[in-house]
Student: 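Quick one: the structure is below, questions incoming.
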There are 2 protein chains.
Amino acid sequence: MVKVTPVPAAETRATVTSDAVLDAALTLFARFGYHGTALSQIAEMLGVRTPSLYNHMRSKQELLRSIVDRTTSGVLADFQTATDGLTDPVERLRSASLVYALRHATHRREAIVVNRDTASLDEPHRTELQDRRREHEHALRQIISDGVEAGVFQVDTPALASFAIREMCVSIARWFREDGPLPPDQVAEQYSRFALRIAGCTRDSAT
Amino acid sequence: MVKVTPVPAAETRATVTSDAVLDAALTLFARFGYHGTALSQIAEMLGVRTPSLYNHMRSKQELLRSIVDRTTSGVLADFQTATDGLTDPVERLRSASLVYALRHATHRREAIVVNRDTASLDEPHRTELQDRRREHEHALRQIISDGVEAGVFQVDTPALASFAIREMCVSIARWFREDGPLPPDQVAEQYSRFALRIAGCTRDSAT
DNA sequence: CCTACCGATCGGTAGG
DNA sequence: CCTACCGATCGGTAGG
């Protein structure tokens, strides 16, 4: 007797991977929050029972940690790539805010979780997250300070402009819809222009 | 025998009010999130046992609802007061963004809860909240559209500028510290200027 | 991958 | 205001 269906039949045991668990967690954490999501919901979304999840993760907390680690690393890597080789503060700010805005249109779930569920992270990871955020914030602030000193930006308090630009970009994750009228790159383009305006960019071509 | 101490001694039964419960909930929801806060924590902060809370509220959900209702009403009232009688789009945007920014520096806990724990609100209140938010967003967007039509603002997509301005202001609640270098009104002042810049305000005095 | 089960904690109620 | 207590659900483990 030969098996008739080499491909899995309609009813078969579900098989799951670590990535699938992480992706389901990402979706549900973004929607209901870390504490608002039960492991049973993640299991249900994957078609398995709750205990089966433990073959692919160590704990619920570890899922959150993985999401946060991945995302913050990505943000810093984006920044480096975007500003590497650029010396003009205007071009550096334009490029840094463009990739930051773009990321928040294309990685919405990650951004929502990282920015909403920070407090649910156990130590020492919560402190590590804050440190990495600060690193990005200070790097952006430095660009603004450099631009002010060079006379191409005009702001009273560089820290305020830095906060404003960052959070404005982060918030894209909250309102952006994939079926909306503008694609991610066009949103990012406009937000990058907003960033230069916030910085008080005096160069005509910039705005 | 006469009572020796007419004023409460050091050890006395705690007495609590509805406002005190709401205030404690506000503090803890802002810190740990709605699902991350247990009623036992609220009770502990007030020095009573959990069941005693039910003399001052109907449910945990009602606490969230009260916080949200109060805050959204305040936002819309602020907007009306700030823009009433003003016809110039520049002045309207300056004033609307000023009070919005100021509110988020002075009502941080409320802003954090309303913007983070929306998903934890039961229907029909979640829909009501979204409606009120949309109302404020559209009012701000209309100012920008009016300004573009009048030739005093320059933006490609008024909706994007409106989102950017709103979320930039909301985020003040996340980074502002009362013991920081700038008082709320000075932060609001600078953010109001950022708002005019985002709108591409062409009037010199504005920025 | 599953069933069976654990202690802990949750929001909320009864009754005084 | 309290103690005593409820059913439900949580994250996680044992064992196959």
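Letters go in sequence order (proteins before strands), and every chain restarts at 1.
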Student: Whole Å only: how far is the CD atom of Glu44(A) from the P atom of dC2(C)?
Tutor: 13 Å

Student: Look at the side chain of Ser52(A) and decide which nucleotide, out of dG11(C), dC1(C), dG12(D), has an atom nearest to it.
Tutor: dC1(C)

Student: Checking contacts here: which listed nucleotide (dC1(C), dC1(D), dG12(C)) is nearest the side-chain heavy atoms of Val48(B)?
Tutor: dC1(D)

Student: From the set dC1(D), dG12(C), dC1(C), return the single nucleotide nearest to any side-chain atom of His56(B).
Tutor: dC1(D)

Student: Please work out whether the ring planes of His136(B) and Phe79(B) are parallel, tilted or perpendicular, with thresholds of 30° and 60°.
Tutor: perpendicular

Student: Taking OP1 and OP2 of dT3(C), is either one under 4.0 Å from a side-chain nitrogen or oxygen of Arg49(A)?
Tutor: yes

Student: Consider the side chain of Val16(B), meaning its heavy atoms from C-beta on, and name the nucleotide among dC1(D), dC10(D), dG11(C) that approaches it most closely.
Tutor: dC1(D)

Student: Between Glu128(A) and Arg132(A) (salt bridge meaning N to carboxylate O under 4.0 Å), is one present in this structure?
Tutor: no

Student: Would you indicate what Thr50(A) reaches in the nucleic acid, counting non-hydrogen atoms under 4.0 angstrom: base, sugar-phosphate, or nothing?
Tutor: nothing

Student: Taking CG from Asp122(A) and C1' from dG12(D), how many angstroms apart are they, rounded to a whole number?
Tutor: 15 Å

Student: Rounding to an integer number of Å, can you tell me how far Glu62(A) CD sits from dG11(D) P?
Tutor: 15 Å

Student: Rounded to whole angstroms, how far apart are OH on Tyr54(B) and C1' on dG15(C)?
Tutor: 16 Å

Student: Distance check needed: dG11(D) C1' versus Phe29(A) CZ, whole Å only.
Tutor: 12 Å

Student: If I take atom CG in residue Leu39(A) and atom P in nucleotide dC5(C), what distance separates them, rounded to the nearest angstrom?
Tutor: 21 Å

Student: Just the rounded figure in Å: distance from P of dG15(C) to CG of Asn55(B).
Tutor: 16 Å

Student: Expressed as a whole number of angstroms, how long is the span from Leu46(A):CG to dC1(C):C1'?
Tutor: 13 Å

Student: Any idea which of dC10(C), dG11(D), dT13(C) is nearest the Lys60(A) side chain?
Tutor: dG11(D)

Student: Measure from the side chain of Pro51(B), starting at C-beta and using heavy atoms only, and say which of dC1(C), dA4(D), dC1(D) lies closest.
Tutor: dA4(D)

Student: Side chain of Ser59(A): nearest nucleotide among dG12(D), dC1(D), dG12(C)?
Tutor: dG12(D)

Student: If we call it a pair only when both distances are under 3.5 Å in a Watson-Crick or G-U wobble match, what pairs with dT9(C)?
Tutor: dA8(D)

Student: OP1 or OP2 of dC10(D) versus the side-chain N and O atoms of His35(B): is any pair under 4.0 Å?
Tutor: no

Student: Regarding Glu123(A) and Arg126(A), does a basic nitrogen lie under 4.0 Å from an acidic carboxylate oxygen?
Tutor: yes

Student: Using Watson-Crick or G-U wobble geometry with both distances under 3.5 Å, which nucleotide pairs with dG15(C)?
Tutor: dC2(D)

Student: Out of Pro158(A), Pro89(A), Ser162(A), which one pairs with Ser145(A) under the side-chain contact (heavy atoms from CB on, under 4.5 Å) rule?
Tutor: Pro158(A)

Student: Assign the ring pair Phe29(A) / Tyr34(A) to parallel, tilted or perpendicular, where the plane angle (0 to 90°) is split at 30° and 60°.
Tutor: perpendicular

